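Worth saying up front: this structure is predicted, and the values here are computed from it rather than measured.
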Amino acid sequence: MARKSAAVRREEILAATVEEIEATGLRALRVSDVAARLGLSASLVIYHFETKEALVAEAFDFAGRQDIDRARELAAGTASAGTDAPHDGGGDATTGAASARGSVSALQRLRDVVGWYLPSGSSRSWKIWIDAWSAGLFDAGLRATFAALDREWKSILVHLMDEAIAAGECTAPEGGTASGATRVLAFLDGLAIQVMVNSETVDTEALSTWVDDFLTRELG
């Protein structure tokens, strides 16, 4: 059997690390458990990443960029909002159809991206992100990773807002599209925390309606 390239092996290790964090939590993460998922030695994992801290930072970047890549497809109108993502099934914030960009309005594509970001829409469990944010309070490397991912999410939203405004589909949010994108992400992050840690008081069936109402207030 041919040996796997270093790039392929690294990607496998990163995916296994994300799965292990999702299953047991960041605090309990051990390099040996990641290695065991792939039938590898812990020393081989360290060979590729040098330290556990570097492995964790790259794993979160890997997970985040998978979601961002998907969001970019939705923003471009080249993918269905319903593909690979279990949406809530009600409300405009989580619906959309696969089609060429020209036939899906920028405002609808914005709603598709927001629906993907929702706790019920993302391909990645929100458990790992809440876990990661907590760890990032004490880890400058993780904070830098999350800041970079956040900038990319905001860039996607700003671009779609600008496009929708130019097309006359909505009005500009207060303070401009950069401020509007920041408020949208803050709202979604807050919802995610409530869903994950206080789910008994959050009606998950109403999430898409709440988000749709929020977007309407922001963009008119």
Exercise for review: Check the pair Asp33, Thr24 against side-chain contact (heavy atoms from CB on, under 4.5 Å), reporting the backbone distance first and the verdict last.
Suggested key: CA-CA 10 Å; Asp33 292 331; Thr24 65; 5.9 Å; no
**Study point:** Pairs flagged by ring-ring contact (aromatic ring centres under 6.0 Å, His included) wherever residues 15-48 is involved - sequence neighbours left out
**Key:** none
Exercise for review: Hey, could you give me the CH2/CZ distance between Trp133 and Phe146, rounded to the nearest 0.5 Å?
Suggested key: 9.0 Å
Point to revise | Any side-chain heavy-atom pair of Leu44 and Leu38 under 4.5 Å | key: no
Review point. Which distance, rounded to the nearest 0.5 Å, do you find between the CG of Asp112 and the CG of Leu107?
Key: 10.0 Å
Review point. Under 3.5 Å, side chain of Ser155 to main-chain N/O of Arg151, donor-acceptor pair present?
Key: no
Check your understanding: Do you know the tightest heavy-atom contact between Arg37 and Ala23?
Key -> NH2-CB, 3.6 Å
Check your understanding: Going by the ring-ring contact (aromatic ring centres under 6.0 Å, His included) test, which pairs reach into residues 198-220, not counting sequence neighbours?
Key -> Phe187-Phe214
Check your understanding: Are Leu149 and Val158 joined in one hydrophobic group, where the rule is that I, L, V, M, F, W and Y side chains link up if heavy atoms are under 4.5 Å apart?
Key -> no
Review point. Going from CG on Leu160 to CD on Glu169, what distance comes out if it is rounded to the nearest 0.5 angstrom?
Key: 10.0 Å
Check your understanding: Has the side chain of Asp131 got a donor or acceptor atom that lies under 3.5 Å from a matching backbone atom of Gly25?
Key -> no
Exercise for review: Dump the intermediate steps for side-chain contact (heavy atoms from CB on, under 4.5 Å) on Glu12 and Val8, then the final yes or no.
Suggested key: CA-CA 6 Å; Glu12 287 180 343; Val8 171; 4.2 Å; yes
**Study point:** Shortest non-hydrogen contact between Ala148 and Arg65, atoms and distance
**Key:** CB-NH2, 4.4 Å
Exercise for review: Write down the atom of Leu137, the atom of Arg143, and the distance for their closest heavy-atom approach.
Suggested key: O-NH1, 3.2 Å
**Study point:** Interatomic distance, Ile130 atom CD1 to Met196 atom CE [nearest 0.5 angstrom]
**Key:** 5.5 Å
Review point. Do you know the tightest heavy-atom contact between Ala181 and Lys154?
Key: CB-O, 4.0 Å
Check your understanding: Can you name the nearest heavy-atom pair linking Leu29 to Lys52, along with the distance?
Key -> O-NZ, 2.7 Å
Check your understanding: Would Glu163 and Arg109 pass as an ion pair if we require N to O under 4.0 Å?
Key -> yes
Study note, to complete from the structure: Here the gap from Thr171 atom OG1 to Met161 atom CE, rounded to the nearest 0.5 Å, amounts to 10.5 Å
Practice item. Check whether any side-chain heavy atom of Ile165 lies under 4.5 Å from a side-chain heavy atom of Pro173, and answer yes or no. Key: yes
Check your understanding: Hey, are Tyr117 and Asp189 close enough side-chain-wise for a donor-acceptor pair under 3.5 Å?
Key -> yes
Practice item. Quick one: pull up OG1 in Thr17 and CD1 in Ile13 and give me the separation to the nearest 0.5 Å. Key: 7.0 Å
Check your understanding: Passes side-chain contact (heavy atoms from CB on, under 4.5 Å), Trp126 versus Val195? Steps please.
Key -> CA-CA 9 Å; Trp126 268 91; Val195 169; over 6 Å; no
Check your understanding: Donor-acceptor pair, Arg70 side chain versus Trp116 backbone, under 3.5 Å?
Key -> no
**Study point:** Close side-chain approach of Ile128 and Phe60, heavy atoms under 4.5 Å
**Key:** yes
Study note, to complete from the structure: By side chain to side chain contact (heavy atoms under 4.5 Å, CB included), Ala57 pairs with (sequence neighbours left out) Leu142, Thr145
Exercise for review: Work out which heavy atom in Glu22 is nearest to a heavy atom in Lys127; give both atom names and the distance.
Suggested key: O-NZ, 3.4 Å
